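Just below is one structure, and these are the notes that go with it.
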Amino acid sequence: MSKSGGQLAADQNTFTGFDAESVRADFPVLNQQVHGKPLVYLDSAASSQKPLHVINAVSRYYENDHSNVHRGVHSLSARATFAYERARGKAHVFLNSKNIREIIYVRGTTEAINLVAQTYGRANVGEGDEILISEMEHHSNIVPWQMLCEWTGAKLVVAPIDERGQLDMTAFAEKLSERTKIVGIVHVSNALGTVNPVAEITKMAHDAGAVVVVDGAQAAPHLRVDVQEIGCDFYAFSGHKAYAPTGIGILYGREELLEAMPPWQGGGEMILSVSFDSTTYNELPYKFEAGTPNIAGAIGLGEAIDYMGRFNHEALERHEHDLVAYGYDALATVPGLTIVGTAEGKVGVHSFTLDGIHAHDIGTILDNEGIAVRTGHHCAQPVMHHFGVPATARASFGIYNTRDDIDRLVEGLGQVRKLMG
Ligand code: C6P
């Protein structure tokens, strides 16, 4: 006899010690119908939904405290500055950086990597040098390095992945050399869910004399990140994938590297004094934060970090691994479905194809069933190329997803098969 959704959720909670059903109540957006069906949101890798805690914190800030930061002596400016800097402190603890000066506010992962490429990269990479990345990178960790290569005459080198979507560590080691100046590596692949051994990669890169930039966009919402334990030189993530607002993210950089780097954008905030003859730059982290920042976004990010911190991380990880394991079994029942990316211990996503049916048709029919998945190349075209597919459909999980959501996905895929033959 098949179990009801409520019974399945109860089984899942007993198994994982994590009550996703009650977490769902924190996310008002989930409580709606799309095309007359209860919404199933399986697109958190593109952007997660926001808990009331974050929504209310941003709203409270605008209702009571808004002013510009670091600029006024009046009370509102002092309150805004306090809240903005307190949020930086939360990011510092979240990443376990050595010093709060190493935490730079940016718009997101894309901006963070571009900042490193255009400051550290331009200052330290020259003709004949190499930048080593992997075949599973998001475009944000490919294109900024290609641009740096164009400016400097350096060469982009790519380490391949295997048929499960795992980094070929032997090939990676072979491609590292004294010419490698920067290693850019994704912590968790957005298209495959693969978790890379970033501490081991960092150690290998450092032994070869290269600095390491980790793209943590998909890791921050799922894994415990400790930049000192990883040992990397730069680590980037976006708030909006980790339950915070859009337009805010963090670049962690090792203090001695940040100190030595030239600033990026020029303007207010990043200076100590300006005259027409000369300008002196501000201290860290403000040297890299020109212009009025996303104050409300930063406050929302701090609240999202607090929100994630309320949960027992082991239970949360068990819940997420349960969703992946349950998804493997459930999706295996769909005729003609192939999962793209089966790395050991993967997190957060199931990318898949359905024989003879284009991913966009899958996405459109699922949307009609109230189910949100992402379809396309996921800004990881080299991954699609590796697997010989133009696109995949991707179901990605957040803290609020349950086995019920996966059951609805499987039902929806039944409808896709029915309509598309
Ligand atoms: N991936 C996805 O649907 P931004 O846009 O700057 O917040 O993040 C860019 C980025 C960088 N690296 C990885 C691994 C990512 O997954 C992303 C964003 C989204 O998979 C949108 S393309």
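Throughout, numbering of the chain's residues begins at 1 and tracks the sequence. Below, all heavy atoms of this structure are taken into account, side chains as well, without hydrogens, waters or symmetry copies. Not measured: the values here are computed from a predicted model. As the structure lists them, so they are numbered: ligands from 1, and atoms in each ligand from 1.
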CA sep, side-chain torsions, deciding dist, call: Trp145, Glu137, side-chain contact (heavy atoms from CB on, under 4.5 Å)
CA-CA 11 Å; Trp145 305 123; Glu137 300 307 317; over 6 Å; no
Glu111 and ligand 1 - part of the residue with a heavy-atom distance under 4.0 Å:
neither
Shortest protein heavy-atom distance from atom 21 (C) of ligand 1, along with the residue and atom involved:
Arg374 NH1, 3.4 Å
If the plane angle is over 60° it's perpendicular, under 30° parallel, otherwise tilted; pick one for Phe27 and Tyr400.
perpendicular
Could you find the nearest protein heavy atom to atom 1 (N) of ligand 1 and give me its residue, atom name and distance?
Lys241 NZ, 2.9 Å
Before signing off on this row, confirm whether Ser140 and ligand 1 have an N or O atom pair separated by under 3.5 Å.
no
Checking a contact table here: which protein heavy atom is nearest atom 16 (O) of ligand 1, and how many Å away?
Gln218 NE2, 2.7 Å
I'd like to know whether ligand 1 has Arg394 as a neighbour, heavy-atom separation below 4.0 Å.
yes
Are any of the heavy atoms in Glu137 under 4.0 Å away from ligand 1?
no
Return the orientation label for the Phe311 and Tyr307 ring planes: parallel under 30°, perpendicular over 60°, tilted otherwise.
perpendicular
Would you name the heavy atoms of Gly412 and Leu366 that are closest together and state the gap between them?
C-CD2, 3.5 Å
Atom 14 (C) of ligand 1 has as its nearest protein heavy atom Asp215 OD2, 3.5 Å
To check your reading of the model: name the closest protein heavy atom to atom 15 (C) of ligand 1, its residue, and the distance in Å.
His138 CD2, 3.3 Å
Checking side chain to side chain donor-acceptor pair (under 3.5 Å) between Arg224 and each of Glu229, Glu317, Glu314, which is the one that passes?
Glu314
Here the atoms of ligand 1 under 4.0 Å from any heavy atom belonging to Val186 are 14 (C)
How about Glu85 and His70: does a side-chain donor come under 3.5 Å of a side-chain acceptor?
yes
Side chain, backbone, both or neither: which applies to Ala217 and ligand 1 if a contact is any heavy-atom pair less than 4.0 Å apart?
side chain
The closest protein heavy-atom partner of atom 8 (O) of ligand 1 is Ser238 OG, 3.6 Å
Could you list the residues that satisfy side-chain contact (heavy atoms from CB on, under 4.5 Å) with Met204, not counting sequence neighbours?
Met169, Phe172, Ala173, Leu176, Glu200
Where is the nearest protein heavy atom to atom 6 (O) of ligand 1: which residue, which atom, and how far?
Thr110 OG1, 2.5 Å
Number the atoms of ligand 1 from 1 as they appear, then name those within less than 4.0 Å of a heavy atom of Cys379, with their elements.
22 (S)
Between the side chains of Asp129 and Arg179, is the shortest nitrogen-to-carboxylate-oxygen separation below 4.0 Å, so that they form an ion pair?
no
What pairs meet the ring pair (Phe, Tyr, Trp, His ring centres under 6.0 Å) rule with one or both residues in residues 199-229, with sequence neighbours excluded?
none
